[in-house]
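Because only heavy atoms are used, hydrogens play no part in the values below, and waters and symmetry mates are left out as well, while side chains stay in. Just follow the structure's listing: the first ligand is 1, and inside any ligand the first atom is 1.
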Amino acid sequence: MKVGVIGTGYVGLIQAVGLASFNHEVIGVDIDTSKIEKLKRGISPLHEEGLEEVLKKHVNKNLIFSADYNLLKNTDVIFLCVGTPQDKDGKANLSFLFDAAENLKRVLDKKEEYIIVTKSTVPVGTNRKLKEIFKGFNVKVVSNPEFLREGKALYDFYNPDRIVLGFENEKDEKLKDILVNSIYKPFKEKNVPFVITNLETAELIKYASNAFLATKISFINEIAKLCDKVNANVKKVAEGMGLDPRIGKAFLNAGIGWGGSCFPKDVKALIKQFEENNIEPILIKATDIVNEKQLEYFLEKIENYYKDLKERTFAVLGLAFKPNTDDLRESRGIKLIEKLIEKKVKVKGFDYVEKARENARSYFSLKENLIYGYNVVILDDLYETVKKVDGIIITVEDDKFNSENWQKIASLVKEKVIFDGRNILNKENIESLGFKYFGVGI
Ligand code: UDX
């Protein structure tokens with residue numbers, strides 16, 4: 001089918017590349033011309049495993065990129081994949097979405113039939129508003145939220161747990177046929193469950209899923225604090241809980257809390273939706289509070305150990321919000337560095353992902369307060385990073401840390417202390433090298 005994708009960020013680019021590999025004819029549109037230029041040459045503007053390979057295979061064949069909305073005129077299905085970042089008041093900012101819709105409206109043909117599918121995470125009721133924008137056009141609006149994890153986004157695209165489709169009319173068989181049997185045919189063939197419902201329900205499934213996962217993490221983080229006090233091990237608690245299939249072991253890794261482009265903004269936006277409907281979001285608000293406090297709790301551990309942090313130097317290993325991504329949005333590592341710097345500490349930062357290091361360098365150099373530039377240095381080599389530091393702080397759950405030469409690291413640091421904010425290291429191995437080890441709840 002002829003497919004349009006508006007927005008070539010994490011969601012849009014994966015959608016465009018993924019659908020091209022299903023042999024659809026795909027046009028990816030973005031107003032960011034520098035991104036489009038890169039994409040036309042088969043270069044991915046973002047770090048995502050396996051993405052560039054598939055991009056190169058299809059670009060300029062059945063996948064084209066352009067900044068020109070006019071090309072969308074001849075498509076059948078158009079996916080809206082623009083960002084819905086957090087507004088100052090915590091609500092989802094829908095200006096990019098509505099701007100994209102207005103731009104699209106200018107080029108669509110009133111005599112043609114179009115299906116407009118929202119993949120962006122949008123508050124309940126947004127797709128109805130989109131329908132209003134396209135009044136007078138022959139347009140069907142669909143909500144089709146994405147559930148992609150950054151760093152594993154392409155894998156998640158090809159291996160979805162479910163496809164959620166919200167229709168204006170749940171009984172619209174023609175629409176169902178196009179989306180299920182044509183657009184997403186390979187998923188149908190793999191027996192991926194399709195959840196077909198109304199627009200509002202589909203919109204809410206996305207928020208409820210993210211808030212639930214965030215709550216699971218906040219729950220285990222709260223338990224971890226008690227573990228610290230009572231000599232219990234949160235990893236074992238999670239293992240023991242997770243073996244119950246009603247609970248499940250995923251997303252029970254305690255640490256310094258959740259960050260990223262989705263959980264923080266989606267949890268806040270869901271809170272707003274409750275408040276707008278005059279319902280007190282007791283549990284979801286608590287999820288958010290626990291997360292904020294978790295970083296403070298970890299920082300207190302560091303402060304309690306050193307008593308005075310002033311003039312200390314730390315190696316912070318992990319700059320992006322999680323492993324295998326260059327995305328710094330709401331990164332716990334970056335937040336922690338900022339808090340450390342406020343306490344007159346020097347930081348040497350490292351991330352395995354080169355682009356994450358580049359992004360961190362420009363983030364700190366762009367900070368108004370030049371003190372950041374002076375007090376933070378981002379290094380390309382882990383061993384250089386740990387040289388002569390008073391302590392090592394781990395902020396992402398990257399298993400690669402376990403394959404490092406910790407004997408060598410022990411010989412390079414000034415003081416053998418590790419604060420493992422993700423409980424990722426093998427405590428016994430590390431302690432056997434003479435390190436003092438502090439995890440979260442272990
Ligand atoms: C998430 C959802 O998983 C995805 O379905 C949705 O579409 C977008 O939001 P993502 O933000 O890419 O994906 O990352 P995810 O792997 O879910 O991790 C989010 C944060 O939670 C990270 O900061 C991670 O470190 C943290 N986390 C995750 C934990 O602290 N403990 C866990 O057990 C799992």
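Counting heavy atoms closer than 4.0 Å to ligand 1, residue Leu252 contributes backbone atoms (N, CA, C, O) but none from C-beta onward.
For atom 28 (C) of ligand 1, the closest heavy atom belonging to the protein is Ile217 CD1, 3.5 Å. Looking at atom 23 (O) of ligand 1, its nearest protein heavy atom turns out to be Gly259 N, 3.0 Å. Ranking the protein heavy atoms by distance from atom 31 (N) of ligand 1 puts Asn253 O, 3.0 Å first. For atom 30 (O) of ligand 1, the closest non-hydrogen atom on the protein side is Arg422 NH1, 3.1 Å. For atom 18 (O) of ligand 1, the nearest protein heavy atom (residue, atom name, distance) is Lys322 CD, 4.1 Å. Nearest protein heavy-atom contact of atom 5 (O) of ligand 1 is Phe147 O, 3.3 Å. Of the protein's non-hydrogen atoms, Arg149 CG, 3.4 Å is the one closest to atom 3 (O) of ligand 1. Here the protein heavy atom with the shortest distance to atom 1 (C) of ligand 1 is Phe263 CE2, 3.5 Å.
Below 30°, between 30° and 60°, or above 60°: for Phe157 and Phe22 the angle between ring planes is between 30° and 60°, a tilted geometry. The aromatic rings of Phe194 and Tyr184 sit tilted, their planes meeting at an angle between 30° and 60°.
Lys268 pairs with exactly one of Asp87, Asp89, Asp288 by the side-chain hydrogen bond (donor to acceptor under 3.5 Å, both in side chains) rule, that one being Asp288.
Residue Leu148 has at least one heavy-atom neighbour below 4.0 Å for each of these atoms of ligand 1: 4 (C), 6 (C), 7 (O), 8 (C), 13 (O). Residue-ligand proximity, Glu150 to ligand 1, at heavy-atom distances under 4.0 Å covers atoms 12 (O). Counting the atoms of ligand 1 from 1 in the order shown, those under 4.0 Å from a heavy atom of Cys262 are 8 (C), 9 (O). Per-residue contacts place Glu397 under 4.0 angstrom from the following atoms of ligand 1 (heavy atoms of the residue considered): 24 (C), 25 (O). When each atom of ligand 1 is checked for a heavy atom of Lys206 under 4.0 Å away, the hits are 6 (C), 7 (O).
For the pair Ala202 and Ser143, the tightest heavy-atom approach, listed with the atom from each and the gap, is CB-OG, 3.4 Å.
Distance alone, capped at 3.5 Å, places no donor-acceptor pair between the Asp351 side chain and the Gly318 backbone. Glu203 places a side-chain N or O within 3.5 Å of a backbone atom of Asn127 that can act as its donor or acceptor partner. The backbone N or O of Leu148 sits less than 3.5 Å from a side-chain atom of Glu146, completing a donor-acceptor pair.
Within the model, atoms NZ of Lys131 and CZ of Arg128 stand 9.0 Å from one another, a figure rounded to the nearest 0.5 Å.
Geometrically, Lys427 does not engage Tyr437 in a cation-pi contact, judged by NZ or CZ lying under 6.0 Å from the ring centre and within 45° of the ring axis. The cationic atom of Lys206 (NZ for Lys, CZ for Arg) lies less than 6.0 Å from the six-membered ring centre of Phe147 and within 45° of the ring axis.
At least one N/O-N/O distance between Phe321 and ligand 1 falls below 3.5 Å.
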